[in-house]
Amino acid sequence: MTEMNEKVSHIDNPIGEEKTIPEQPAVKGKGWNDMGRSALVVSLLSLVLLAIFFFGLSRNLSGLTEEVKRLNSLRRDVEGIEARLVEVEKMPLKARNMIIDSELDSMAQRAAYLGGLVDPERGEKLSRAQELLREVQYGLEK
């Protein structure tokens with residue numbers, strides 16, 4: 001049996017060559033401690049930068065929120081001004097109606113005064129005219 005063992009050669013360890021194992025560096029060497037410290041410093045700096053960016057963005061978003069609130073209040077102001085402008089555009093019509101109403105009222109008062117001065121037949125016609133003037137005046141108020 002020993003002869004058979006001699007004829008078998010292993011691929012990992014050829015005959016006549018000794019297997020050498022390279023030395024592994026020690027894990028607790030000085031170089032590894034320096035790399036660990038530098039990694040710690042880099043991670044702390046990245047956390048500081050992350051905090052700075054977070055607070056910067058937070059402040060920008062709060063400023064943006066204030067701007068949106070100002071724009072909403074400005075929009076309400078513009079809507080109020082537009083409503084007033086519509087009222088101003090209607091103003092000439094209202095002024096004209098007020099003048100007509102005043103004239104109709106004046107005519108009705110004159111008709112009433114003249115109705116008291118003239119004979120009863122003409123006074124009756126003036127009272128009908130006065131009623132018609134008041135109907136026209138009531139129609140304008142609507």
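- A donor-acceptor pair under 3.5 Å links the side-chain atoms of Ser43 to the main chain of Ala39, judged by distance alone.
- Distance check: Ile99 CD1 to Leu104 CG gives 12.0 Å after rounding to the nearest 0.5 Å.
- Clustering ILVMFWY residues whenever any of their side-chain heavy atoms sit less than 4.5 angstrom apart, transitively, puts Leu126 in the very cluster that holds Tyr113.
- Judged by distance alone, the side chain of Ser58 and the main-chain N or O of Phe55 form no donor-acceptor pair under 3.5 Å.
- With a 6.0 Å radius and a threshold of 12 heavy atoms from other residues, nucleotides or ligands, Glu66 has its CD atom above the threshold.
- By the 4.0 Å N-to-carboxylate-O rule, Glu67 lies close enough to Arg70 to be salt-bridged with it.
- Atoms OG and CG, from Ser38 and Leu45 in turn, are 11.0 Å apart once rounded to the nearest 0.5 Å.
- Rounded to the nearest 0.5 angstrom, Ser127 OG and Leu132 CG are separated by 10.0 Å.
- With Thr65 contributing its side chain and Leu61 its backbone, the two residues share a donor-acceptor pair below 3.5 Å.
- Across Ala112 and Gln130, no two heavy atoms sit closer than the pair CB-NE2, 3.4 Å.
- A 4.5 Å side-chain heavy-atom check between Glu87 and Lys94 finds at least one atom pair inside the cut-off.
- The structure places CG of Leu93 at 12.0 Å from CE of Met98, a figure rounded to the nearest 0.5 Å.
- Taking 4.5 Å as the limit, some side-chain heavy atom of Arg134 sits within range of a side-chain heavy atom of Asp105.
- In this structure, Leu74 CG and Lys69 NZ are separated by 16.0 Å, a value rounded to the nearest 0.5 Å.
- With a 4.5 Å cut-off on side-chain heavy atoms, Asn72 and Arg75 count as touching.
- The shortest side-chain heavy-atom distance between Asp101 and Asn97 does not fall under the 4.5 Å cut-off.
- Summarising the geometry, atom NZ belonging to Lys125 is positioned 14.5 Å from atom CG belonging to Leu114; distances are rounded to the nearest 0.5 Å.
- Note on Ile100 and Val136: same hydrophobic cluster, where clusters join Ile, Leu, Val, Met, Phe, Trp and Tyr whose side-chain heavy atoms are under 4.5 Å apart, directly or indirectly.
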